[in-house]
Amino acid sequence: MERNITTLGIVLHSQRWGQANRRLKVLSVDLGIVNVVSYGAQKSRKAVKAEVFCDGQFFLYYNPVKGDYTLKDLSPIAGHEEIREDLSLTYTGLFFCEIIIKVHGGESAEEYSLLSKALDLLTIMPERRSLILIQFIHRLSDVLGIRVALDRCPGCGHPYGEGEIVYFSSLSGSQCCERCANLERTLLLPPGARRYLTLTADMSFDEAVGVDLNEGALERIKAYMLGYAQYFCPGELATLASGLL
Ligand SMILES: [Zn+2]
């Protein structure tokens, strides 16, 4: 294995490691999610600054004996400092990172592109935070291959009527018609929400975030998407439980 590795990545998590070091979780395009030790990051001013949400080119050293990665240098593309300066934005960013850590399954390049874009959008248009959150989950379900078309029930094939409310089946893990729904009655999509998700499914992330929703619809779809995210994530999402999203 190459000892010196260069890869695009984003810091998902950072914690103190020993006296003066930090241990990072980095989503990298080339290696998936890796644990990286950043030596001296706590104290030295010369140490490489690799804070959570930082997106850039990582220069890593792999120690085949210890089996770990060390951060040699980082050339940032976007530091996303603005996200860390606001509590709601911070929690939204941390929610994205937590989901990626929990569902990561090998689509590293796609996950990287999605997260990179989501963090850029949070930085550029913080006032659209809820729409970015909705679209992040919507797009992630596509990356994970679990998104279903919202024009018919995937369980029984019944085409939805224009005004039909769509429910959720925890058996198939997807939207479904009322007859196929089981106990997850809290997860439901009114017709307007279904139209919005269908309309924005094929748009770019930027375009989709530009589509306006009224306050009520925004809150309903957001609640649905958060419930959906918790459904497809193994284990409780701590950032979701915080109530700050
Ligand atoms: Zn059905």
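It should be emphasised that the depicted structure is a prediction, and the values quoted were computed from it without experimental measurement. Numbers here are sequence positions counted from 1. Just follow the structure's listing: the first ligand is 1, and inside any ligand the first atom is 1.
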Discussion item. Are F95 and Y91 an aromatic pair, judged by ring center distance below 6.0 Å?
Written reply: no

Practice prompt. Would you confirm whether the ring centroid of F205 sits within less than 6.0 angstrom of the ring centroid of F136?
Written response: no

Item to complete: Find out whether the Lys NZ or Arg CZ of R3 is both under 6.0 angstrom from the six-membered ring centre of Y61 and within 45° of the ring's axis.
Response: no

Worksheet item: So, for P234 and V103, which heavy atoms are closest and what is the spacing to 0.1 Å?
Response: CD-CG1, 4.5 Å

Fill in: Straight-line distance of K102 NZ to C233 SG, nearest 0.5 Å
6.5 Å

Discussion item. Keeping to distances under 2.8 Å, can you name the protein N/O/S atoms close to the Zn ion (ligand 1)?
Written reply: C153 SG, C156 SG, C177 SG, C180 SG

Worksheet item: What is the ring orientation for F168 with Y228, classed by angle as parallel under 30°, tilted 30 to 60°, or perpendicular over 60°?
Response: perpendicular

